[in-house]
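First comes the structure, then the notes that go with it.
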Amino acid sequence: MASERPLDGARLLVVAPTEARPEPLASVLDDDALDATAVSTATAALERLETTSVDCLLTVQSLPDRSGLALLEAVREREPDLPVVLAPIDGDESVASAAIAADVSAYVPLDDTADGPAEDLRSAIERALSAAADRRRRRDRARAFDAVFDDPEAYGWLLAPDGTVRRANEPALEAIDATATDVRGRPFSELPWWESAVDGEAVLRDAIETAASGEITHRELTCVRADGATARDGSDAAAETDDSDRRRTFEVTVRPIRDESGTVVSLFARADDVTERARLERELRESEQLHRVTLNNMTDTVLITDDDGAFTYVCPNVHFVFGYSDDEIHEMGTIDELLGPDLFDRDELEAAGVLTNIECTATDRAGREHTLLVNVREVSIQGGTTLYSCRDVTTRKRREEALTALHRTTRKLLYAETDREIADIVVDDATDVLDLEASAAYLFDTDENVLRPAASSPAMERLHGPVRDHRATDDSVPGRVFVDGESRFFADVHESPSLSNPGTELRSVAYVPLGDHGVFVAGSSEPDAFDDVARELTDLLATTAEAALDRVGRERTLRERDRELERRNRQLTRLNGINEIIRDLDQALVGAETRDEIERAVCDRLTTADRFSFAWIGAADAGDDRIAVRADGGATEGGSYLDSVSLSLTGGTEPAVRTATDRAVTGVANVADGLREEPWRSEALACEFQSAVSVPLSYDDFTYGVLTVYADRPDAFDEMVRTVLAELGETIAAAIAAVERKRALLSDSSTRLEFAVGDETVLFTRLARRTDCTVSFDGGVRHREDGATVVATVEGASPDAVAAAATDLVTVEGARVIGRDGADDDGSDEDAGGAVLLDLSRPVLALQLADHGVLLRGVEATPTDTRVVVDVPSSVDARGGADVVSTVFSEVELRSKRSVERTTPRDFHASLRDRLTDRQLEVVRLAYYGGYFESPRAQSGESIAETLDISPAAFYRHVRTVQRKLFAIVFDEIGLPANPSRGVE
């Protein structure tokens with residue numbers, strides 16, 4: 001299609017006087033191809049240009065108000081691009097030259113006489129319009145290029161075809177802090193811009209070569225600022241440096257610029273900062289990848305269908321729930337095949353827009369049933385209108401049901417009272433909680449260190465057989481689990497080396513310890529039955545059972561503790577009562593003057609205030625061979641009871657008889673036991689005596705009788721009460737001994753008994769036999785804190801030999817000679833005899849006898865026999881005194897017995913002891929036996945003082961004091977006044 005000519009419809013303004021318009025002008029004005037308008041003056045032309053758009057101005061040189069050249073200059077000032085044709089009439093070269101200088105578009109001189117100029121004028125106007133159009137086009141293109149080149153949002157470079165820089169816009173220069181001179185003539189690929197770009201130079205050189213061949217090229221480069229990591233070596237260091245503040249991404253476009261011939265004469269390079277776009281694209285890719293991974297791996301499945309229920313989208317993870325691939329789901333056709341029809345109400349969905357947590361069941365590819373929660377939502381996505389989000393809650397549903405069953409079990413366990421009841425509950429409920437058919441519970445027997453089966457389900461008996469005991473050791477799985485305290489879950493228990501029953505049909509088995517109480521076992525005939533939920537529920541059930549067993553154990557311990565506290569309270573109450581009896585008896589014993597008072601007080605105090613029903617004291621009657629009643633107290637029936645029972649020491653079975661026979665405590669917890677075997681029991685029950693205890697009254701191996709106490713209830717005398725009463729028996733015996741000893745000292749008459757003693761352990765006997773002499777002792781004893789000191793008289797041997805023999809004896813702590821007799825006929829003194837002072841440890845013979853009221857008058861021991869003489873006061877039975885001697889010594893034979901009387905109301909010996917101190921008596925005894933009072937003196941006072949470890953002055957003072965007191969007694973006894981002088985000491 002031919003282009004339109006420039007004259008077609010062009011608006012032409014002709015400036016020429018009306019009266020002087022040549023013919024060419026008239027023909028132009030009449031040309032239909034032009035839209036020509038004429039004015040006569042330059043002023044009118046300028047006014048028209050201000051109000052009317054004109055494509056070309058045609059003017060003559062001669063105008064009424066100014067010249068054509070002046071009009072040209074005025075137009076150029078206003079509209080530099082308006083085409084102006086100057087057509088002077090008879091123009092010359094000077095006008096033409098001036099017109100060209102004034103940038104005239106065309107110069108056509110007119111000749112009014114010829115037709116040729118009209119055609120030339122038309123051609124000139126056409127050339128001027130064409131030139132103006134070209135200028136406008138070039139100017140528009142230049143302006144467009146400048147607009148693009150100087151875009152402040154982009155970086156631009158004008159390049160030579162070889163890639164050298166001809167020009168750079170301000171943003172590009174400012175970005176590298178350079179001037180136009182700095183970059184002009186430099187290769188574009190080597191500018192500082194691309195120093196930190198990945199393969200920047202190579203990429204840009206390739207882009208420039210491609211653009212120089214005529215193709216537009218696009219490249220994307222990532223640059224890092226100078227303070228960041230570089231990647232000029234082609235590595236991914238810059239990419240790995242995730243620092244958006246230093247990384248910039250640029251899209252570089254290189255366009256070829258052609259001339260009129262199509263030759264590429266320049267290249268225009270433009271770089272746009274697409275960092276944000278690249279970031280968004282990267283994030284979008286990452287987001288898409290994340291969504292793909294999420295959709296592929298999440299457990300919720302997303303399905304989208306159209307209005308007919310046909311699938312438009314199936315999430316790739318659909319196999320997690322249903323076991324089908326997404327292609328297999330598409331082949332099903334509609335959602336109804338997968339989730340069933342009538343899942344929800346369409347009208348309800350349309351009204352709400354979304355329906356949540358619709359519970360339904362679906363069957364997977366393997367035939368297993370799943371419980372699903374489905375959310376349904378209206379959408380509009382690629383032809384899909386309904387979105388289904390399916391969540392598999394089978395595990396949660398199962399856990400909820402199991403926890404509900406476990407809650408019921410827990411409530412039952414709250415009311416269980418025994419370990420076995422707890423075991424039964426746990427085993428019975430294990431099927432509902434764990435959905436496993438076999439279960440059992442073992443409880444630990446602490447006495448035998450054995451796990452014993454306490455409960456087992458029928459399925460356990462069917463699959464495993466009867467459960468048996470297991471030692472708490474490593475030789476069985478239950479034993480090892482109990483010892484280690486850690487649960488064991490077996491996918492197949494037959495793989496365990498500790499399996500104790502290879503014939504078991506159980507496969508999946510769980511063994512969970514119940515703390516220190518035992519082991520819980522649950523199992524199934526199917527392998528791999530314990531998933532995470534089953535393990536969790538098994539542990540919870542066992543933990544709940546353990547807590548219940550702990551509670552029962554604590555309650556049992558508390559009950560036992562309460563019983564023990566109650567028992568101790570009762571014991572303390574009884575002990576307080578016993579202590580009260582003891583205090584009461586102690587007061588009575590302290591004030592008693594005679595044995596009868598002691599015995600009566602004891603019987604009365606024991607039966608006061610219903611403490612005990614009846615009490616009595618008896619002593620063996622050697623002449624009658626039976627127990628004689630000495631005192632009793634309490635129930636009035638007691639007297640008749642004693643009269644009706646046999647107290648014979650031969651063959652008797654009454655508690656008092658047994659105690660008197662074997663001298664041991666006899667207790668009867670319940671009189672009714674063996675009622676037909678012992679006659680005394682029926683008599684005791686008739687008197688309402690239901691328990692009894694009898695204790696010996698013994699002190700220092702001597703028995704004063706027996707104390708027997710009865711109570712009106714069984715088991716009234718426990719171990720503590722029997723122990724207290726036994727100690728009370730010793731206290732009573734000691735009190736009786738003290739009273740007897742006191743009466744012995746006050747008695748005016750006594751029975752003197754002489755015994756032959758064959759006891760080889762007697763100290764004086766051993767000394768006599770070791771030294772082959774006679775050793776005598778007059779009964780005098782000086783008490784010490786840990787023993788006593790006695791003086792032994794030696795005849796027929798050297799006292800030094802006796803002292804040496806005595807130091808070898810354990811009972812002798814020290815021995816020293818205090819006196820020697822005269823020499824023998826041959827002049828030697830080896831067998832002359834003398835006196836030896838012996839320090840003895842307890843027990844001391846004289847003190848043992850004195851404790852029971854028997855006074856030792858002397859001991860004489862020879863190598864063949866030993867003679868012991870004692871005085872038994874009239875207040876003490878002579879037979880009892882003999883018994884005392886028999887107790888102290890073995891192999892005793894009574895040789896003589898006679899009565900002795902004191903000559904004065906107070907015994908001379910007692911009077912002397914009352915007036916002398918122990919130290920004074922010791923001094924004069926050593927002086928006497930040491931021969932101080934003999935004439936001539938065997939020892940001087942200084943020698944005896946040295947033996948006593950005192951000064952001579954103290955010795956003489958003690959001797960004179962004793963002599964004065966002795967003479968005073970003598971003179972008082974014979975009735976003569978002594979009238980001692982106080983000045984003699």
Side-chain angles (χ1 to χ4, degrees), residues 595 618-628 630 649-650 660-663 696-706 733 736-769 774-781 790 792-793 795 811 843-902 907 909:
R595 177 175 179 176
D621 188 347
D624 199 12
D625 197 22
R626 66 185 305 274
I627 297 178
R630 295 185 54 86
L649 294 175
T650 57
T661 302
D662 55 23
R663 295 188 178 185
L697 303 180
S698 299
Y699 172 70
D700 197 14
D701 294 332
F702 183 77
T703 300
Y704 292 92
V706 294
I736 294 174
V739 170
E740 296 288 353
R741 188 166 55 250
K742 180 178 179 182
R743 292 184 62 189
L745 294 175
L746 297 177
S747 176
D748 294 333
S749 61
S750 60
T751 301
R752 182 158 293 176
L753 304 177
E754 181 178 341
F755 297 92
V757 177
D759 191 349
E760 296 181 356
T761 62
V762 178
L763 169 65
F764 303 105
T765 302
R766 286 186 287 175
L767 289 176
R769 292 184 179 181
T774 301
V775 180
S776 303
F777 168 57
D778 65 354
V781 177
V790 301
T793 302
E795 295 179 7
T811 57
V844 179
L845 174 60
L847 300 180
Q848 286 180 285
L849 296 174
D851 282 342
H852 301 286
V854 178
L855 302 179
L856 179 62
R857 287 304 183 185
V859 177
E860 183 179 288
T862 67
T864 58
D865 61 2
T866 300
R867 184 174 64 90
V868 177
V869 179
V870 299
D871 283 349
V872 180
S874 58
S875 59
V876 179
D877 184 16
R879 272 201 311 265
D883 291 340
V884 172
V885 175
S886 299
T887 301
V888 175
F889 303 104
S890 61
E891 299 184 19
V892 176
E893 179 183 354
L894 181 62
R895 290 287 182 85
S896 66
K897 174 181 177 183
R898 63 188 177 89
S899 297
V900 294
E901 296 289 337
R902 290 183 181 175
D907 185 79
H909 180 267

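Position 1 is the first residue of the sequence; numbering continues from there. Because only heavy atoms are used, hydrogens play no part in the values below, and waters and symmetry mates are left out as well, while side chains stay in.
By the side chain to side chain contact (heavy atoms under 4.5 Å, CB included) test, R663 pairs with T703, sequence neighbours left out. Under the side chain to side chain contact (heavy atoms under 4.5 Å, CB included) criterion, R630 pairs with R595, D596, E599, A619, sequence neighbours left out. With sequence neighbours excluded, the residues that form a side chain to side chain contact (heavy atoms under 4.5 Å, CB included) with A861 are F764, T765, A768, T866.
Between L856 and V869 the shortest heavy-atom distance is CD1-O, 3.6 Å. Contact between T774 and E860 at its shortest, heavy atoms only, is CG2-CG, 3.8 Å. When all heavy atoms of L649 and A660 are compared, the pair lying nearest together is CD2-CB, 4.0 Å.
A donor atom on one side chain and an acceptor atom on the other are found under 3.5 Å apart for E754 and S896.
R895 is listed as a side-chain neighbour of E893, based on a closest heavy-atom distance under 4.5 Å.
Atoms OG1 and CG, from T650 and D625 in turn, are 5.0 Å apart once rounded to the nearest 0.5 Å. With rounding to the nearest 0.5 angstrom, the CD1 atom of I736 is 5.5 Å from the CG atom of L697.
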